[in-house]
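Side-chain atoms are counted along with the backbone in the values below, which use heavy atoms only and exclude waters and symmetry mates. Counting starts at 1 for both ligands and their atoms, following the listed order.
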Amino acid sequence: MLRPHRRALVGAAVLSLVSAAAALAQPALVGRVVGAVGSGRTVLPGIGALVVVLVAAAVLGAGQQYLLQRTAEGIVLTTRRTLTDRLLRLPVAEYDRRRTGDLMSRVGSDTTLLRATVTSGVIEVGGSLVVGIGALVAMALVDVWLLLVTVASVSVGVTTAVLAARRVRGLARLAQEQVGAMSAAVERALSAVRTIRASGATGREVAVVGTRAERTFDAGVQVARLQALVSPAGSIAVQGAFLAVLGLGGYRVATGSIAVADLVSFILYLFLLVMPLGQVIRAYTELQTGLGALARVQEVLALEPERDDVPEAPHRPGTTTVLRLPAAGDPTPLLELDGVDFGYPDGTQVLHGVSFAVSAGTRTALVGPSGAGKSTVLALVEGFYPLSGGVLRWAGTDVRELPRAALRARLGYVEQEAPVLAGTVRDNLLLAAPDVGDDRLWAALADVGLTELVQRSARGLDVPVGDDGVLLSGGERQRLAIARSLLARPALLLLDEPTASLDARNEGLLRRTLTTAAADRALLVVAHRLSTVLDSDQIVVLDGGWVTAVGTHPELLETSPLYRELATAQLLV
Ligand code: ATP
């Protein structure tokens, strides 16, 4: 993470060394001025040099601070970019396992903690160490005995501080995990706020978030306790060092072993040693906090992203990795499921030997009871999960031999839940085809019967749709999503019909939309309302993950008891 910023970091390090040298020169200059006063020599050159060094140290210090803060912000920025890139490219199964709020807190709160780690942790420690070590050397040159007394008292404080800081990392990680859990709880509550309000569960949800916040608080209090232990240990050590140096120094001046000017220099060096020591200890604690957060960032970065630009399997000689469409008259189906078995990573076996084919330009409907595995079939066609068995073919080629992104570019996908994103109608339409002009957007809206809705607003295409499209009705959301998919001109449209009941008008509009959509492409529609798919070229009946029948509506009424039952329940026979 530091590598891209190495020039700025080297710059800051050089500035830090120069300002350390300037800081170290000050006591010597003061000693010289005191010596000059004592011996009656002129003090002006000494004072002049001191002023120059003071001003230079201050200016360099400011420059170093700026460089460091900037670099720290830069590192936070790169980390956020890398992390977001990884977060959005994880295999879909990862999102099933993880909590959205927790993932979000890694981009927000964890990366923020890295900033302090960089500024205090990396360079300030370096600069402080230089000043500290320089001070120690200078002190040794002035008087070894005074130095020994200093080191003895200071090491007590340092040992206590280091022991305490070591525990901070674990606590920081714990605190950040609780922040993650808290964000997840907030996200859960906000995403279902209507249900929660209607269920009278607001108080309980607030309490859940509160409990998470309390755990963060507990970890924070433990860190505070450790820090409280560090401060008195530090100040006792420092005050002890000053008293010891003053006592022993006074004695040695009195006995004539050292000059007053040397004692003054020594005490100033002691200041120089103590200040960076405090900084190093603080930085060490912050470094531990940052490392706790970094571990959470790296946990995500360590996950293997989905590679959608290369085929999953090496292609066999004689086959093609180029995505093609069957030419007119070619009997090869556009899409073919051949004995597809599938179980979700949690172990539930959902599909058993599912086989059917979708020919170019035809309409296929998937029907069956709730939980039969219909939406799962669409997820597999999109390549969201690897198959457990069987083969999925696109125009005769195993899809594992094709780059997934290229395949997805040929597919339109309208998911059942939340098919609309927060933003405007235009944002939503441009999602899959970013370069399309306004006239095509209006034409797409007309195809799905949404022109009137959009024209009603003075903002036209820029009318907001709300978070998850809440400002639209269920049917409007679905039709807007279909318009979006069609703009990308897919060869196959996968449509997961909403389970929510659509009114007769919306159902009519959806049927009309499907007819428009089917004009020059194939359709694979998961249908809950048989009325929308009665005229499909084929209907696949799924039950408990098995294909129990395939045929047209009239055929299935004859051959499939389950289909007849579904049709009867929907008053279609
Ligand atoms: P519905 O008509 O109610 O939408 P469906 O036929 O589309 O149902 P699927 O959504 O495909 O059914 O689900 C089939 C089975 O897989 C269900 O039993 C469900 O519990 C399970 N399932 C669905 N998604 C997941 C997932 N992400 N992880 C684990 N199991 C899942």
Just which atoms of ligand 1 are under 4.0 Å from any heavy atom in [X]?
X	answer
Ser375	4 (O), 5 (P), 7 (O), 10 (O), 11 (O)
Lys374	1 (P), 2 (O), 5 (P), 6 (O), 7 (O), 8 (O), 11 (O), 12 (O)
Tyr385	27 (N)
Thr376	9 (P), 11 (O), 13 (O), 14 (C)

TODO: Answer yes or no: is there a donor N or O on one side and an acceptor on the other, between the side chain of Thr348 and the main chain of Tyr344, under 3.5 Å?
DONE: no
For the residue pair [Y] / [X], report whether a side-chain donor-acceptor contact shorter than 3.5 Å exists.
X	Y	result
Asp427	Thr424	yes
Tyr385	Thr376	no
Thr112	Arg80	yes
Arg393	Thr332	no

Counting heavy atoms under 4.0 Å, the part of Asp496 that contacts ligand 1 is neither
Is any side-chain heavy atom of Asp535 closer than 4.5 Å to a side-chain heavy atom of Arg363? yes
Practice item. Check whether any side-chain heavy atom of Arg97 lies under 4.5 Å from a side-chain heavy atom of Glu94, and answer yes or no. Key: yes
Nearest heavy atom to atom 1 (P) of ligand 1, choosing from Glu497, His528, Gln349, belongs to His528
Atom 3 (O) of ligand 1: of Ala372, Ala527, Ser370, Gly544, the nearest heavy atom sits on Ser370
With a 4.0 Å cut-off on heavy atoms, is Tyr95 touching ligand 1?
no
Judged by non-hydrogen atoms, does Gly371 sit under 4.0 Å from ligand 1? yes
Check: Val350 N/O within less than 3.5 Å of ligand 1 N/O
no
